[in-house]
Participant: 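The following block contains the structure, expressed as C-alpha cells.
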Amino acid sequence: MATGAVAGRAPGKCTVSPVATPRKLTAQQVRFFDTFGYLRIPGLFTEDVAAIADAFEAVFAEAGNPRIDLSSVAVHGYRPRTTIPGFIDRHPTLAALRDDPRTVGVVSSILGDDYEYSQSDGNLYSCDTEWHCDIYGSPLHVRHIKLAFYLDSLDGDSGAPRVIPGTNHWQDPFAVSVRTACEEHIGTLEEVYGVPGPELPGVTLDVEPGDLLLWEYRTVHASYNGLDRRRLFTVNFREAV
C-alpha cells in the first residue's frame with residue numbers, strides 16, 4: 001500500500017505542525033529495535049503534544065460512552081479498560097499523525113517503504129496489564145509494529161510499560177517459552193516462575209508526553225502499579241504481504 005493515501009480520513013484543519021522531511025532512524029536505532037523488539041524516542045512529538053492531548057480528550061468526550069473492552073479482561077486483571085477503535089481517524093489532528101514525516105520516517109526505517117496501515121485505538125487505563133504480546137489474530141510470520149503515544153508522565157510506580165527484550169524473535173526457544181507461559185498463565189505466572197508478574201526480569205520504559213514508544217507485536221510487555229485514567233493511543237503498521 002502506498003504510505004501517503006488515507007481512506008476515510010476525517011476532514012478539518014490539522015493543528016499538528018509536522019517536520020519538513022521524514023526523520024529516519026539511525027542504523028543503531030534500527031539495530032536496537034531489531035535486536036530487542038522495542039525503542040523509545042524521547043521528545044519526538046513534544047512540540048505538538050498539547051494539541052494531540054486536546055484532540056484525544058475531544059474524541060473521548062464526543063464518544064460519550066465508548067466501548068468497554070471485554071476481549072482481554074484477564075490481561076487487565078478483570079478491570080476492563082475503556083477503548084475506542086479507529087481512534088485517530090476521528091479527529092484531524094490525530095489523523096495527520098498517520099502520514100506525519102516523523103511517523104513515516106520511523107515506520108519506513110523498520111518495515112521499508114512498502115508498508116500497510118493497520119488501524120489505531122485510543123485507551124483510558126485504570127488497571128494493570130499482565131505480560132502478553134499483541135499478536136492476537138495477527139500471523140506471527142508477518143511483522144507488525146505498534147507506535148504508542150502516552151499522554152501522561154509514567155514510571156515503574158505509576159503504570160509505565162515494561163518489555164522483555166528479545167521476545168520479538170518469535171521462533172527463538174526463549175521467546176517461545178516466555179510467550180507460551182504468558183498465554184497459558186495470564187495473571188498466574190508465579191505458578192510457573194515462582195515470582196509474581198511485576199518481578200519478572202524486564203525493562204521499564206519511563207515515558208513523558210511527547211515521547212514515542214514502539215514495539216513489535218511479538219514483544220512481550222506489561223504494566224504494573226498503574227494510576228487511574230492513564231491515556232494512551234496507538235497507531236499500528238505491518239509489513240506489506
Participant: Whether the side chain of S109 engages the backbone of L25 through a donor-acceptor N/O pair (distance < 3.5 Å, no angle test) should be reported.
Facilitator: yes
Participant: Please check if the side chain of S177 supplies one atom and the backbone of P173 the other of a donor-acceptor pair under 3.5 Å.
Facilitator: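 Judged by distance alone, no pair lies under 3.5 Å.
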Participant: For the side chain of D211 and the backbone of E208, is there at least one donor-acceptor N/O pair under 3.5 Å apart?
Facilitator: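 Such a contact is found between D211 side chain and E208 backbone.
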Participant: Before accepting this row, confirm whether a basic side-chain N of the pair K146/E216 lies closer than 4.0 Å to the acidic partner's carboxylate O.
Facilitator: no
Participant: Is there a path of hydrophobic side-chain contacts, each under 4.5 Å between heavy atoms of I/L/V/M/F/W/Y residues, joining V203 to Y150?
Facilitator: yes
Participant: Okay, side chain of H221, backbone of T219: is any donor-acceptor separation there less than 3.5 Å?
Facilitator: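 Yes; judged by distance alone, with no hydrogens or angles, the pair exists.
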Participant: Find out if a path of hydrophobic residues (ILVMFWY) with successive side-chain heavy-atom gaps under 4.5 Å connects V142 to V176.
Facilitator: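 Per the 4.5 Å side-chain linkage, V142 and V176 are not co-clustered.
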Participant: Indicate yes or no: does D48 engage R102 in a salt bridge with an N to O separation below 4.0 Å.
Facilitator: yes
Participant: Decide ring-ring contact (aromatic ring centres under 6.0 Å, His included) for F237 and Y217; before the verdict, give the C-alpha distance in whole Å, the side-chain angles of both, and the deciding distance to 0.1 Å.
Facilitator: CA-CA 10 Å; F237 300 89; Y217 275 23; over 10 Å; no
Participant: Between C182 and H132, is the side-chain contact (heavy atoms from CB on, under 4.5 Å) condition met? List the steps.
Facilitator: CA-CA 6 Å; C182 291; H132 70 290; 5.5 Å; no
Participant: Within the 3.5 Å criterion, strictly below it, is a donor on D134 or W215 matched to an acceptor on the partner's side chain?
Facilitator: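 Looking only at side-chain atoms, W215 and D134 do form a donor-acceptor pair, the distance falling under 3.5 Å.
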Participant: Working note: R231 + D152, criterion salt bridge (charged side-chain N to carboxylate O under 4.0 Å, His left out); need CA distance, chi angles, decisive distance, verdict.
Facilitator: CA-CA 6 Å; R231 297 171 296 171; D152 302 282; 3.1 Å; yes
